[in-house]
Trainee: 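Input: one structure, supplied below.
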Amino acid sequence: MSHASTLLEKISNRTAKVGVVGLGYVGLPLAVEFGQAGFRVTGIDLDARKVAQLNRGESYIQDVPTSAVAALVQAGTLSATTDPGAVRDFDTINICVPTPLRKTKDPDLSFVVSAVEAIAGHLHPGMLVILESTTYPGTTEEVVQPILEKTGLKAGVDFFLAFSPERVDPGNEKWTTKNVPKVVGGLTPDCTRLAGALYRSSIDTVVEVSSPKVAEMVKLLENTFRAVNIGMVNELALMCDRLGISVWEVVDAAATKPFGFMPFYPGPGLGGHCIPIDPFYLSWKVKEVGFEARFIELAGQVNGAMPHHVVDKITDALNTQSKAVNGANIFVLGVAYKRDIDDVRESPALDVMALLLKKGARVTYHDPFAPAIDGGHWAGGIDMASVPLTAEALSAADCVVILTDHRQFDVADIVKRSRLIVDTRNSVKTDHPHVFKLGAPVPIQ
Ligand SMILES: NC(=O)c1ccc[n+]([C@@H]2O[C@H](COP(=O)([O-])OP(=O)(O)OC[C@H]3O[C@@H](n4cnc5c(N)ncnc54)[C@H](O)[C@@H]3O)[C@@H](O)[C@H]2O)c1
């Protein structure tokens with residue numbers, strides 16, 4: 001039997017040993033899906049704390065219930081290790097490590113390279129390797145394949161290689177790893193077929209494309225689409241601000257058009273591990289072929305300026321009460337990058353708070369999902385802890401700033417108890433003289 005037929009059989013009868021490298025927001029849910037499909041799954045992560053937690057049957061990712069992890073760990077179908085050597089026993093490997101940007105906005109593939117080098121040390125004939133980390137088109141063939149082929153084994157012949165982008169949307173209860181269609185592009189038809197078979201075992205819909213490059217570009221189209229549309233509506237918010245029109249009312253009314261329009265909403269800026277970062281992987285790559293990705297750069301400029309605009313809005317709001325930002329007590333509500341999640345990576349709320357601190361404000365925050373902020377992980381540079389959302393905290397603030405609209409916030413109570421509010425999310429639906437909104441007319445005093 002050929003390597004391809006042997007692996008296909010192992011996948012279909014669930015005897016394939018499945019490995020997931022990188023057990024974060026993407027890797028853990030995927031490992032759980034594979035486990036629930038009946039595979040024996042081993043996760044590898046450098047972070048010993050995550051490995052220990054998983055092996056105790058605990059989830060550390062909000063969207064993955066501990067009960068699901070515990071059931072698989074108890075059944076002996078899911079385990080984790082920090083040992084890269086575990087790869088030697090795997091038939092398939094999904095790589096889900098981070099792909100951040102360097103300070104210069106160049107791709108940082110160091111996590112992918114080190115994970116692939118560790119795999120190369122134990123690569124064996126018949127293995128299937130799938131990269132899931134978001135990256136620029138060409139990475140699988142130009143970076144991953146050469147490292148694996150240094151072993152003397154040939155991709156598409158001795159082992160199989162594919163790219164499949166992850167589309168997880170943290171906090172989304174309707175669309176999960178299982179029911180979001182999965183795009184897959186292999187190096188050869190066999191590579192695509194095998195990767196497709198692995199995903200079909202645990203994901204409802206698999207969409208096969210002609211190459212890893214196409215699959216890599218699909219992800220960047222999706223994220224660039226969001227970055228550009230959010231940039232456009234953020235710019236519209238700035239226009240509405242100047243013209244004294246509510247951008248929120250405009251977008252909601254436009255969204256009644258049943259065709260040719262999709263609503264995007266403004267906010268304090270982009271956040272998370274995807275939208276602010278991934279488009280720059282593409283703009284960096286196309287520079288190699290003498291192309292300037294103008295939409296991406298422009299969206300980056302508009303979205304990147306939003307925290308400054310929010311600080312201007314706070315300054316103007318305080319000004320109506322004859323107060324300065326310097327020395328003002330500013331109480332921020334919500335620091336996670338979006339509603340109802342605990343992820344503060346790249347959160348624009350942190351940029352707003354850092355700018356306010358720099359201007360001499362006394363900043364406190366409340367976020368039920370983010371009890372603490374590590375000084376090493378944000379521009380403000382200080383450790384902070386969430387303070388309770390009490391009537392006293394609200395009334396003591398010179399300005400309350402709504403940066404993330406968590407559903408559990410009692411907006412009516414916040415409006416009642418605060419002296420001045422800047423709302424960047426349209427949380428406050430009614431007009432009040434003390435509520436200033438992003439992209440809306442100045443309230444009548
Ligand atoms: N978080 C999302 O919403 C999301 C959505 C779609 C795509 N993605 C993409 O998926 C990839 C992973 O993102 P994430 O949010 O899961 O990141 P994450 O930081 O939550 O998890 C990555 C994990 O990889 C581990 N790791 C790093 N290097 C390793 C190595 N050499 N060997 C083993 N483990 C290693 C880290 O310790 C960490 O636990 C990124 O490319 C990201 O752009 C993320």
Side-chain angles (χ1 to χ4, degrees), residues 19-33 42-55 59-64 80-87 90 93-101 107-122 129-137 139-140 143-144 147 163-172 175-177 180-183 203 215-216 218-227 270-282 336-347 374 377:
V20 175
V21 178
L23 292 169
Y25 286 90
V26 167
L28 182 66
L30 187 68
V32 167
E33 285 304 332
T42 308
I44 301 180
D45 203 294
L46 301 177
D47 184 340
R49 271 184 316 177
K50 283 184 186 155
V51 166
Q53 266 182 289
L54 188 149
N55 286 333
S59 172
Y60 42 82
I61 299 286
Q62 203 184 329
D63 291 340
V64 179
T81 175
T82 53
D83 173 19
V87 165
F90 298 165
I93 303 174
N94 292 72
I95 305 170
C96 309
V97 297
T99 43
L101 285 175
D108 176 0
L109 283 184
S110 58
F111 297 94
V112 171
V113 168
S114 72
V116 176
E117 280 171 348
I119 292 166
H122 306 279
V129 179
I130 306 172
L131 180 63
E132 294 222 6
S133 304
T134 306
T135 183
Y136 58 79
T139 307
T140 306
V143 178
V144 178
I147 298 173
F163 181 83
S164 178
E166 181 50 56
R167 288 164 154 175
V168 72
D169 180 21
N172 193 327
W175 295 107
T176 60
T177 302
V180 173
K182 194 96 173 91
V183 171
I203 290 171
E216 288 157 341
V218 167
K219 177 69 183 175
L220 295 182
L221 165 62
E222 292 167 6
N223 284 359
T224 302
F225 174 82
R226 283 190 63 73
L270 294 182
H273 190 31
C274 294
I275 314 295
I277 292 173
D278 304 345
F280 291 103
Y281 268 69
L282 182 55
Y337 80 86
K338 69 173 184 172
R339 172 192 288 176
D340 296 341
I341 65 158
D342 61 2
D343 193 350
V344 298
R345 291 180 298 176
E346 313 290 328
S347 176
D374 181 336
H377 290 154

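One-based numbering, in listed order, for ligands and for the atoms of each.
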Trainee: Can you tell me if D45 uses its side chain to pair, donor with acceptor, with the backbone of V51 under 3.5 Å?
Mentor: no
Trainee: Which heavy atom in Y281 sits nearest to a heavy atom in D108, and how many Å separate them?
Mentor: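 Heavy-atom minimum between the residues: OH-N, 3.3 Å.
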Trainee: Can you name the residues that come within less than 4.0 Å of ligand 1, going by heavy atoms only?
Mentor: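 For ligand 1, the contacting residues are V21, G22, L23, G24, Y25, V26, I44, D45, L46, D47, K50, C96, V97, P98, T99, F111, S114, A115, S133, T134, E166, V168, P170, K219, H273, C274, R345.
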Trainee: State which residue, out of D83, V87, T82, fulfils the side chain to side chain contact (heavy atoms under 4.5 Å, CB included) condition with I44.
Mentor: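 It is V87; the other options fail the test.
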Trainee: With a 4.5 Å cut-off on side-chain heavy atoms, are P137 and F163 touching?
Mentor: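 When only atoms from C-beta onward are counted, P137 and F163 do not touch, as no gap falls below 4.5 Å.
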Trainee: Between S164 and V183, which heavy-atom pair has the shortest distance, and what is it?
Mentor: OG-O, 2.7 Å
Trainee: Assess whether a salt bridge exists between R226 and D278, defined as any Lys/Arg side-chain N lying under 4.0 Å from an Asp/Glu carboxylate O.
Mentor: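 A salt bridge is absent here (no side-chain N lies under 4.0 Å from a carboxylate O).
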